Enquirer: 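To start, I am sharing the structure in question, which I have written as structure tokens.
Values below: all heavy atoms of this structure, side chains included; hydrogens, waters and symmetry mates excluded. Only a predicted model underlies this, so the values are computations on that prediction, with no experimental measurement involved.
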Amino acid sequence: ARRVEDGPRRCRIAAVLREKELWLLILAGMLFFYRPLFLNETFFFRDLLYDFIPQKQMLLDFAEKGEWPLWDIYRHGGQPYFADPNNSVFHPVNLLFFILPFFRAFNLILVGHALLYLISAYLLARILGLSPKAAMMSATVYGLCGCSLSLLNLFGRFLAMAYLPLLLLFWHLYLAERRRKWLAFSVAFGVLQVLCGAPEVNALNMLLLLGWTLCFPYDIPRMRRCLQWGALNAFILGVSMIQLLPT
């Protein structure tokens with residue numbers, strides 16, 4: 001039987017990032033989304049037009065007035081703004097709205113995360129030992145299937161699912177190699193998921209991570225794996241308190 005550590009040591013992330021199959025995948029993703037990238041068109045379907053676009057514009061309005069984004073006066077006679085996780089106020093991608101024209105930033109956030117679907121799934125597949133062509137197919141299925149593309153109108157959920165393969169990847173590397181930097185990456189992508197404002201995605205993904213933790217043949221006792229998974233959750237929730245406490 002092959003040892004667990006042979007998987008992640010078969011190829012390194014830096015080497016995978018130079019593979020032509022990955023760059024062909026990125027090019028294919030850019031061609032798939034050429035209209036919002038290059039033709040000044042944008043996404044608008046369903047919740048994007050009626051929810052997420054107005055809420056992101058409101059964040060800019062708060063900034064222009066020099067006010068903290070505390071209270072949304074337009075919804076339901078008034079309700080908290082930044083305490084609503086659906087507004088994802090603290091996600092770092094919001095900085096693009098302060099740098100670029102609104103819809104250019106909006107398009108780059110969505111297309112950038114669509115490409116991240118492809119990149120992250122490819123990285124996970126390669127580190128687990130799949131060939132470049134098989135990893136390419138896995139990433140295509142994950143990033144361009146109907147389930148993933150249908151999430152585009154649900155801004156927070158779409159962003160959150162882009163981080164799932166990276167969360168699995170770095171948690172797998174941590175359990176296999178037991179290096180703290182992989183734990184730090186796992187926490188970072190877990191926090192980004194929380195800041196997307198899709199709590200049901202967070203819960204389901206962490207349960208999936210628990211299943212992975214228990215079922216993959218790591219050379220660690222299962223009880224210790226459970227404790228490490230619990231510690232990971234504690235770290236993620238602790239860092240995310242900037243959003244969770246107001247909520």
Side-chain angles (χ1 to χ4, degrees), residues 23 25-76 78-121 139-140 142-166 189 191-202 242-243 247:
W23 290 99
L25 195 62
I26 295 171
L27 178 61
M30 293 177 67
L31 291 175
F32 189 87
F33 290 101
Y34 77 95
R35 293 169 66 183
L37 276 179
F38 305 115
L39 298 184
N40 292 323
E41 299 183 14
T42 193
F43 304 96
F44 69 93
F45 189 61
R46 276 186 47 177
D47 291 27
L48 292 180
L49 180 61
Y50 298 113
D51 188 356
F52 295 102
I53 289 175
Q55 293 304 98
K56 293 301 179 186
Q57 181 59 56
M58 190 181 301
L59 182 62
L60 293 178
D61 294 341
F62 279 118
E64 289 177 2
K65 296 176 183 176
E67 299 177 359
W68 286 98
L70 297 177
W71 194 254
D72 180 352
I73 64 173
Y74 299 107
R75 282 189 170 186
H76 311 298
Q79 68 178 39
Y81 182 85
F82 89 83
D84 182 354
N86 196 55
N87 294 326
S88 56
V89 174
F90 295 105
H91 198 292
V93 296
N94 287 325
L95 293 174
L96 286 177
F97 288 111
F98 297 92
I99 300 172
L100 300 172
F102 182 89
F103 283 107
R104 171 57 60 183
F106 187 72
N107 288 349
L108 285 178
I109 290 170
L110 286 176
V111 175
H113 279 77
L115 297 179
L116 186 59
Y117 272 76
L118 302 175
I119 296 168
S120 60
T140 302
Y142 184 71
L144 299 178
C145 70
C147 181
S148 297
L149 293 177
S150 68
L151 289 175
L152 263 166
N153 81 97
L154 303 171
F155 188 88
R157 294 173 179 83
F158 182 72
L159 268 59
M161 287 301 294
Y163 302 120
L164 174 58
L166 293 173
F189 286 111
V191 170
L192 285 175
Q193 268 204 340
V194 173
L195 297 184
C196 289
E200 69 282 12
V201 172
N202 306 142
I242 188 173
Q243 176 65 72
T247 300

Enquirer: Answer whether the closest heavy-atom distance between the side chains of I109 and F155 falls below 4.5 Å.
Expert: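 Side-chain contact under 4.5 Å: yes.
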Enquirer: Could you tell me whether F38 atom CZ has more than 12 heavy atoms of other residues or ligands within 6.0 Å of it?
Expert: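 Yes, the 6.0 Å shell around CZ holds more than 12 heavy atoms from other groups.
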Enquirer: Report yes if some heavy atom in the side chain of L144 is under 4.5 Å from a heavy atom in the side chain of L118; otherwise report no.
Expert: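 L144 reaches L118 side chain to side chain.
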Enquirer: Judged by atom type as modelled, is there a donor-acceptor pair below 3.5 Å linking the side chain of T247 to the main-chain atoms of D84?
Expert: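 Answer holds: no.
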Enquirer: Quick one: does N86's side chain get under 4.5 Å of F52's, heavy atoms only?
Expert: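 Yes, their side chains come closer than 4.5 Å.
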Enquirer: Does I242, at its CD1 atom, have more than 12 non-hydrogen atoms belonging to other residues, nucleotides or ligands within less than 6.0 Å?
Expert: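 Open: at most 12 neighbouring heavy atoms sit under 6.0 Å from CD1 of I242.
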Enquirer: Give me the ring orientation class for F90 and F82: parallel if the planes are under 30° apart, tilted from 30 to 60°, perpendicular past 60°.
Expert: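 Rings of F90 and F82: perpendicular, over 60°.
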Enquirer: I need the R157 CZ to L152 CG distance, nearest 0.5 Å.
Expert: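 Rounded to the nearest 0.5 Å, the CZ-CG separation comes to 13.5 Å.
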Enquirer: With under 30° as parallel and over 60° as perpendicular, where do the rings of F103 and F106 fit, or are they tilted in between?
Expert: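 Perpendicular, since the angle between the ring planes exceeds 60°.
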Enquirer: Quick one: closest heavy-atom pair of L110 and F158, and the distance?
Expert: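 Nearest pair, atom of L110 first, then F158: O-CE2, 3.4 Å.
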Enquirer: Quick check: do L37 and Y34 have side-chain heavy atoms less than 4.5 Å from each other?
Expert: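 A side-chain contact is absent here, since even the closest heavy-atom pair is not under 4.5 Å.
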Enquirer: Using every non-hydrogen atom in the two residues, find where P36 and R104 come nearest and quote the distance to one decimal.
Expert: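 That closest heavy-atom pairing would be O-NH1, 4.0 Å.
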Enquirer: Between Q243 and S88, is there a side-chain heavy-atom distance shorter than 4.5 Å?
Expert: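 SC-SC contact between S88 and Q243 ruled out.
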Enquirer: Of the non-hydrogen atoms in G143 and Y117, which two are nearest, and what is the gap between them?
Expert: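 Closest pair (atom of G143, atom of Y117, distance): CA-CB, 3.7 Å.
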Enquirer: Any side-chain heavy atom of W68 within less than 4.5 Å of one from Y81?
Expert: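 No, too far: nothing below the 4.5 Å cut-off.
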Enquirer: What are the two closest non-hydrogen atoms of N153 and D47, and how far apart are they?
Expert: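 Closest heavy-atom pair between N153 and D47: O-CB, 3.1 Å.
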Enquirer: Do C196 and H91 touch side chain to side chain, with heavy atoms closer than 4.5 Å?
Expert: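 Contact flag for C196/H91 side chains = yes.
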Enquirer: Hey, is the main chain of A160 close enough, under 3.5 Å, to the side chain of Q193 for a donor-acceptor pair?
Expert: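 Pair found, side chain donor or acceptor close to backbone of A160.
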Enquirer: Can you give me the closest heavy-atom contact between N94 and V89, atom names plus distance?
Expert: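 Scanning both residues completely, I find the closest heavy atoms to be ND2-O, 2.9 Å.
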Enquirer: Would you give the length of the straight line joining atom CG of N107 to atom CG of N40, rounded to the nearest 0.5 angstrom?
Expert: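 CG of N40 is found 8.5 Å from CG of N107.
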Enquirer: Side chains of N87 and D72: donor-acceptor distance under 3.5 Å anywhere?
Expert: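 The answer is no; no qualifying pair exists.
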Enquirer: Does atom OH of Y50 have more than 12 heavy-atom neighbours from other groups under 6.0 Å away?
Expert: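 Check fails, neighbour count at 12 or below.
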Enquirer: When rounded to the nearest 0.5 angstrom, what distance separates CG in D51 from NZ in K56?
Expert: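 Here the interatomic distance stands at 10.0 Å.
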Enquirer: With a 6.0 Å cut-off (strictly less than), is the heavy-atom count around CZ of F45, excluding the residue itself, greater than 12?
Expert: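 12 or below, so no.
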Enquirer: Report yes if the side chains of H113 and Y163 come closer than 4.5 Å at any heavy-atom pair, otherwise no.
Expert: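 Yes, their side chains come closer than 4.5 Å.
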